[in-house]
J.: 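I'd like to ask some things about the structure below.
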Amino acid sequence: MNVKINREKLGKALQKVVGIIGNRPVFPILSNVLFEAENGIVKLTATDLELRVSATIDAEVTEPGRTTIPAKKLASLVSCMTGAEVTISLGANNHVAISCGSGHFKVYGIAPDDFPSVEDIQSEHQVSIPESRIKKMISCIQYAVSADDSRKALTGVLFSVKDNELTLVTTDGKRMAIKSDIPSEVVGGETDKVVPFRSISELRRLADGDELMKIIFSDNQCIFSGNGFELRSKLIEKNYPDYRRILPVDFTYEINFPSDLLKNRIQIVSCLLTQGFINLNFADNKLTVSGASSEFGEGDDSIDIEYSGEPFCISFNPQYIMDPLQYVGGSMKFKINDPYASVVIEGDDRFLYLVMPIRKKTDAEGTKSI
């Protein structure tokens, strides 16, 4: 193997794959990146057996070949080099010679036959959507994923395809975030698949630009194939709650509010909070935000809204309201029945957020579950 690669492109490709490599892999080979060169392309692959990420870059390949190289050491070496191009050649015993500028190095690799092979998957469902839009979808729902392993399905993200619409859903039992979009193409009809949250976090990091990304689902795996990268992941083979049945249909109040102003008022009032809750008071065309009294004091702030009904107050964990406001802007809408029933917050562009209020009555303290 003998290749010449642009150093900056090689560094960026390495950063795409090394992130999934742990500090103490189960097997030594999992510390290495699979380095494959053929037909003017270099492909770098890393895996932890659950997740597999590949990145491809153009290169001058004078002799094809493959080996594995310590991934983090190679990434550190390339980041410190100053030359414009890196020359990599393979010698005996998988010893790799690396040259850049005035620097010359030898790195000890491991035979590529020991690197975990990739399974061929049978494509059952396929969705094509621009990378930038899937990245936005993930941002809108990622905060509501559960960390409780006793409900394994909730530790992942539901990918639901129905009526040519792609919907991503997360819930931790106290709230649920839902973001939908219309893909460029859907093949294979309806499906519900649960993707591990770690895989989705990596996907959000990798997705960049407006190029179409292809999402392929099989029975127990998925592939996200984007511009210059591919991410393969196992699926969580557990049933996800039917979010469509959970969402309330009818509401007593539907109140519009500007998301940026409400976010600002919650931030101000929360400055004096150490823990506890915030109150949202609706009365006389105003939404007033107040906080529970703390050792530092208390206060309130308000925004103008259109509401002339009976005054009422509803209380929340402040973080549960702040989270969607961080990622979904513009005009939003509260859909409310009473101060103790689940509330739906509806945003522009197919976003829904279901959250349970805090029950402050002494006979029913705490927050109900969805």
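Every value quoted in this text rests on a predicted model; they were computed, and no experiment measured them.
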J.: Got a sec, which residues hit salt bridge (charged side-chain N to carboxylate O under 4.0 Å, His left out) with Asp250, two or more places apart in sequence or on another chain?
T.: none

J.: Nearest heavy-atom pair of Ala207 and Lys135: which atoms, and what distance?
T.: O-NZ, 3.1 Å

J.: Taking only residues two or more places apart in sequence, or in another chain, which ones meet Glu254 in a salt bridge (charged side-chain N to carboxylate O under 4.0 Å, His left out)?
T.: Lys333

J.: Arg204 side chain to Ile138 main-chain N or O, any donor-acceptor pair under 3.5 Å?
T.: no

J.: Closer than 3.5 angstrom, by distance alone: can the side chain of Thr155 be matched with the main-chain N or O of Lys152 as a donor-acceptor pair?
T.: yes

J.: Report yes or no: does Tyr353 contribute a side-chain atom to a donor-acceptor pair with the main-chain N or O of Tyr320 at less than 3.5 Å?
T.: yes

J.: Hey, what's the ring geometry for Tyr307 with Phe312, parallel, tilted or perpendicular (30° and 60° as the breaks)?
T.: perpendicular

J.: Go through it in stages, so that I can follow the logic: the residues are Asp148 and Ser150, the test is side-chain hydrogen bond (donor to acceptor under 3.5 Å, both in side chains), and I'd like the CA-CA distance, side-chain angles, deciding distance and then a yes or no.
T.: CA-CA 5 Å; Asp148 183 3; Ser150 67; 2.7 Å; yes

J.: What residues, two or more places apart in sequence or in another chain, satisfy side chain to side chain donor-acceptor pair (under 3.5 Å) together with Asp210?
T.: Ser132

J.: Are the side chain of Arg205 and the backbone N or O of Ile200 linked by a donor-acceptor pair below 3.5 Å?
T.: no

J.: If the threshold is 4.0 Å, N to carboxylate O, is there a salt bridge linking Asp48 and Arg198?
T.: yes

J.: Tell me whether the count of non-hydrogen atoms from other residues, nucleotides or ligands lying under 6.0 Å of NZ in Lys263 goes above 12.
T.: yes

J.: Does Asp349 offer a backbone N or O that forms a donor-acceptor pair with the side chain of Lys179 under 3.5 Å?
T.: yes

J.: Is the shortest distance from a Lys or Arg side-chain nitrogen in Glu131 or Arg133 to a carboxylate oxygen in the other one below 4.0 Å?
T.: no

J.: Looking at Ser160 and Asp192, would you say the former's side chain and the latter's main chain have a donor-acceptor pair under 3.5 Å?
T.: no

J.: Locate the shortest heavy-atom distance separating Pro339 from Cys313; write the atom from each residue and the value.
T.: CB-O, 3.2 Å

J.: Are Tyr253 and Phe334 an aromatic pair, judged by ring center distance below 6.0 Å?
T.: no

J.: Examine distances only and state if a side-chain atom of Thr68 and a backbone atom of Leu34 form a donor-acceptor pair shorter than 3.5 Å.
T.: no

J.: Is the count of non-hydrogen atoms from other residues, nucleotides or ligands lying under 6.0 Å from Glu190 atom CD greater than 12?
T.: yes

J.: Does Asp58 form a salt bridge (charged side-chain N to carboxylate O under 4.0 Å, His left out) with Lys9? I'd like the steps, not just the answer.
T.: CA-CA 9 Å; Asp58 296 331; Lys9 290 182 178 179; 5.2 Å; no

J.: Please confirm whether the backbone N or O of Glu165 pairs with a side-chain atom of Asp163, one donor and one acceptor, at under 3.5 Å?
T.: no

J.: Which one of Thr171, Thr167, Leu354 satisfies the side chain to side chain contact (heavy atoms under 4.5 Å, CB included) criterion with Tyr243?
T.: Thr167

J.: Are the side chain of Arg265 and the backbone N or O of Ser302 linked by a donor-acceptor pair below 3.5 Å?
T.: yes

J.: Please determine which of Ile223, Val186, Val161, Ile134 meets the side chain to side chain contact (heavy atoms under 4.5 Å, CB included) test together with Ile215.
T.: Ile134

J.: When you measure from the side chain of Asp172 to the backbone of Arg175, do you find a donor-acceptor pair of N or O atoms at a distance under 3.5 Å?
T.: yes

J.: Going by the angle between their ring planes, with limits at 30° and 60°, are Tyr143 and Tyr327 parallel, tilted or perpendicular?
T.: parallel

